[in-house]
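Notes to accompany the following structure.
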Amino acid sequence: MAKELAERTRPSVTPTKLIEELEEKWESWAQIRRMADLYWYMAVAFYHGRQRLSIDRETAELLHTPDPEGRVQRTYNWYKKFIRAAQARLLINPAMFATIPSAPDQPSIDAAEVGKKLLQHYWRPSRLGLRQLNDRALQWMITTGTVFKTIHWDPSRGPLTVIPQQEEIVQDVAGEFLPADAPRRRVVRRDIFDDDGQPLVSVQPEGDLSADYLSPFQVVPEPTARCMDDLLECFTHEIVTLGQLHNWFGDKAKKVGEEDVSSRLSSWELHAYDWMAGKGHRDHSEDVHKTVLFKYYARPGIREGKDWERGRWVWWANGVELLNEEPPQFDDHDISWKYTIPLVMYKAENDFDNFWGTSFSYDMMDPCKEYNRFRSLAEESMVKASIPRYQQPMGDTVEDDMLVDVPALVMRYSGSPLQLMEPYHLPDSFMRLMLDTPQTVEQLISQPDVSRGEQLTKSESGFQAQLLIEQSNQVNQ
């Protein structure tokens with residue numbers, strides 16, 4: 001498949017000097033982010049039941065524990081259960097929209113009320129569908145610790161407008177009262193009709209807002225940034241089809257050729273996409289002509305020159321520059337500064353000065369592996385215990401086919417009779433540890449949720465604490 005894709009790849013135009021510099025910077029920063037890629041990949045792998053992985057911190061490589069021959073290897077994915085429970089807790093309550101007026105005057109109050117109605121409008125599934133978008137984005141945030149949201153203007157969305165098709169006709173202007181220097185011809189536009197006398201029209205969308213989320217794999221920030229406010233440069237990339245580029249950029253995208261996606265993105269990212277419906281099929285399907293769309297965002301002060309005074313947006317695909325312009329400017333300087341990089345970052349938990357967020361899911365990986373090991377050993381012990389073991393004196397003989405578990409079996413032997421040995425079994429402490437592991441981890445993870453429970457007045461402290469714990473357990477079920 002890779003060979004066929006490479007043969008089908010069409011080379012694009014020679015990249016400009018700016019594109020070459022940006023691609024070198026992107027590759028360097030992506031390599032620095034390699035260790036974070038491994039943790040994100042492991043988090044996605046654990047969610048999908050691939051829980052026999054580990055990371056070599058010295059070589060920054062992902063190791064897979066091979067299954068020993070003849071050993072029981074089971075995976076009980078209660079890791080996924082906690083991820084889905086945490087996701088449900090964040091979405092259990094309906095969204096409450098609130099807007100704050102920028103000033104205490106009536107026009108500002110009216111504008112804030114309009115903004116509230118606008119949020120409610122785009123929350124509906126028929127518009128942006130922010131409810132469904134949050135559901136998918138939260139899954140990335142809880143699993144990997146980080147997710148990004150972006151809102152942009154999409155010219156292919158919105159209500160359709162009927163535009164009549166017209167043609168230009170040059171007419172001669174005649175008149176004896178015209179000045180000597182007046183033009184003698186004029187251009188007139190008129191509607192075009194078909195053979196039946198019906199006007200020809202074209203339907204075009206008016207455009208509308210579009211929201212989307214980006215996984216941490218798709219964002220490559222500058223390595224020195226500690227948060228979004230410190231971020232001065234940032235790259236994003238996504239796998240798109242050539243048809244999408246033609247709809248977005250028109251004639252500029254005609255020079256973009258198909259490329260081998262596996263040569264552009266990390267193997268961890270491709271494997272993670274391959275486990276997700278939709279994107280995985282789009283990445284590896286032979287019938288879909290695709291490429292990687294790179295977007296570079298720079299805030300003011302990155303480069304010298306008049307074009308970079310207010311920041312810069314540069315987008316390209318397969319070496320073809322598709323966009324190179326100044327970002328939108330607003331009356332408020334702070335808003336213009338923030339929107340230069342149009343990303344909103346969400347973290348499950350802060351990790352001191354680390355740019356990337358963390359999550360409780362990383363703390364669950366080792367207990368999950370231990371629990372799977374316990375269950376595998378317990379099943380293996382059950383198999384061993386079901387096979388009887390005998391002691392046979394040396395020199396005595398017994399028919400092999402007689403050593404089976406059959407009722408009323410008559411065994412023929414010579415010499416001393418066989419003696420049944422004590423069955424193999426695991427120690428009692430092992431079983432207690434195996435049963436206590438899920439409960440211990442669940443209590444640790446559910447502990448912050450108790451503080452958000454409903455407190456009752458005039459109740460004893462012991463009863464109230466028990467009620468809060470029951471409320472938290474009901475959410476986690």
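This chain uses plain numbering: 1 for the first residue, then up along the sequence.
Considering only residues two or more places apart in sequence or on other chains, K295 meets the salt bridge (charged side-chain N to carboxylate O under 4.0 Å, His left out) condition with E238. Legend: residues meeting salt bridge (charged side-chain N to carboxylate O under 4.0 Å, His left out) with D436, ordered by chain and number and at least two apart, are absent. For W29, the ring-ring contact (aromatic ring centres under 6.0 Å, His included) partners are F235, not counting sequence neighbours. Annotation: ring-ring contact (aromatic ring centres under 6.0 Å, His included) contacts of F374 (sequence neighbours excluded): F430. For E222, the salt bridge (charged side-chain N to carboxylate O under 4.0 Å, His left out) test picks out no residue, with sequence neighbours left out. Remark: K369 pairs with D366 by the salt bridge (charged side-chain N to carboxylate O under 4.0 Å, His left out) rule, at least two apart or across chains.
What you find for I302 and A298 is that their closest heavy atoms are CG1-CB, 4.1 Å. The nearest pair of heavy atoms linking A348 to S359 is CB-CB, 4.1 Å. For the residue pair Y39 and Y362, the shortest heavy atom distance occurs at O-CE2, 3.6 Å. Here the closest non-hydrogen pair linking K116 and T99 is N-CG2, 3.6 Å. Closest non-hydrogen pair, Y213 versus R136, comes out as CE2-NE, 3.6 Å. Nearest heavy atoms, Y79 versus M365: OH-CE, 4.3 Å.
Here W78 contributes atom CH2 and N372 contributes atom CG; the two are 8.5 Å apart, rounded to the nearest 0.5 Å. For the atom pair L242 CG and K254 NZ, the distance stands at 13.5 Å (nearest 0.5 Å). One distance of note links CZ of R74 with CD of Q51; it measures 14.0 Å at 0.5 Å rounding. The distance from the CH2 atom of W316 to the NZ atom of K252 is 15.0 Å, given to the nearest 0.5 Å. Here CH2 of W26 is found 13.0 Å from SG of C234. Values are rounded to the nearest 0.5 Å. With rounding to the nearest 0.5 angstrom, the CG atom of D230 is 8.0 Å from the OG1 atom of T224.
Of the possible polar contacts, none joining the D351 side chain to the N354 backbone as a donor-acceptor pair under 3.5 Å is found. Side chain of E23 to backbone of E20: no donor-acceptor contact under 3.5 angstrom is found. Between the side chain of E326 and the backbone N or O of R312 there is no donor-acceptor pair closer than 3.5 Å. Panel note: side chain N77, backbone Y47; a donor-acceptor pair is recorded below 3.5 Å. Proximity of a side-chain donor or acceptor of E233 to a complementary backbone N or O of L231 within less than 3.5 Å is not detected.
K338 is listed as a side-chain neighbour of D229, based on a closest heavy-atom distance under 4.5 Å. Contact of the E321 side chain with the N324 side chain is registered, since non-hydrogen atoms from C-beta on lie closer than 4.5 Å. The closest side-chain heavy-atom distance from E27 to Q31 is not below 4.5 Å. Side-chain contact between V314 and I19: present, with at least one pair of heavy atoms (C-beta onward) separated by less than 4.5 Å. Looking at heavy atoms from C-beta onward, T236 lies out of side-chain contact with T150 at the 4.5 angstrom threshold. You'll find the side chain of S215 stays beyond 4.5 Å of the side chain of F148, heavy atoms only. Side-chain atoms of S361 and F46, non-hydrogen and from C-beta on, never get closer than 4.5 Å to each other. Here the side chains of T291 and L293 are not in contact, with every heavy-atom distance at 4.5 Å or above.
With a 6.0 Å cutoff to the six-membered ring centre and a 45° limit on the axis angle, R226 does not count as a cation-pi contact of F355.
Not less than 6.0 angstrom separates the ring centroid of W313 from the ring centroid of Y296. Side-chain rings of W40 and W356 approach one another, their centers coming within less than 6.0 Å.
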One pair to check against side-chain contact (heavy atoms from CB on, under 4.5 Å): L322 and V256. What are the steps and the verdict? CA-CA 9 Å; L322 301 174; V256 179; 4.0 Å; yes
With side chain to side chain donor-acceptor pair (under 3.5 Å) as the test, would you mind laying out the steps for Q139 and D135 before giving the verdict? CA-CA 7 Å; Q139 190 172 7; D135 190 2; over 6 Å; no
Between R34 and D37, is a salt bridge (Lys or Arg N to Asp or Glu O under 4.0 Å) present by the stated rule, with each step listed? CA-CA 5 Å; R34 175 179 174 83; D37 285 354; over 6 Å; no
Give the C-alpha distance, both sets of side-chain angles, the deciding distance and a yes or no for salt bridge (Lys or Arg N to Asp or Glu O under 4.0 Å) between R303 and E21. CA-CA 13 Å; R303 288 173 176 258; E21 293 178 359; 2.9 Å; yes
Stepwise, does the side-chain contact (heavy atoms from CB on, under 4.5 Å) test hold for R52 with T75? CA-CA 9 Å; R52 304 192 182 279; T75 299; 4.0 Å; yes
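R310 and Q329 are not linked by any side-chain donor-acceptor pair at a separation below 3.5 angstrom, with hydrogens and angles left out of the test.
The number of heavy-atom neighbours closer than 6.0 Å to CG of D105, taken from other residues, nucleotides and ligands shown, is above 12. The number of heavy-atom neighbours closer than 6.0 Å to CD1 of I163, taken from other residues, nucleotides and ligands shown, is above 12.
Ring geometry, F294 versus H237: the interplanar angle falls from 30° to 60°, so the pair is classed tilted.
Using a 4.0 Å cut-off between charged nitrogen and carboxylate oxygen, R375 and E370 do not count as a salt-bridge pair.
Just one residue in the list L138, T144, T143 forms a side-chain contact (heavy atoms from CB on, under 4.5 Å) with M141, and that residue is L138.
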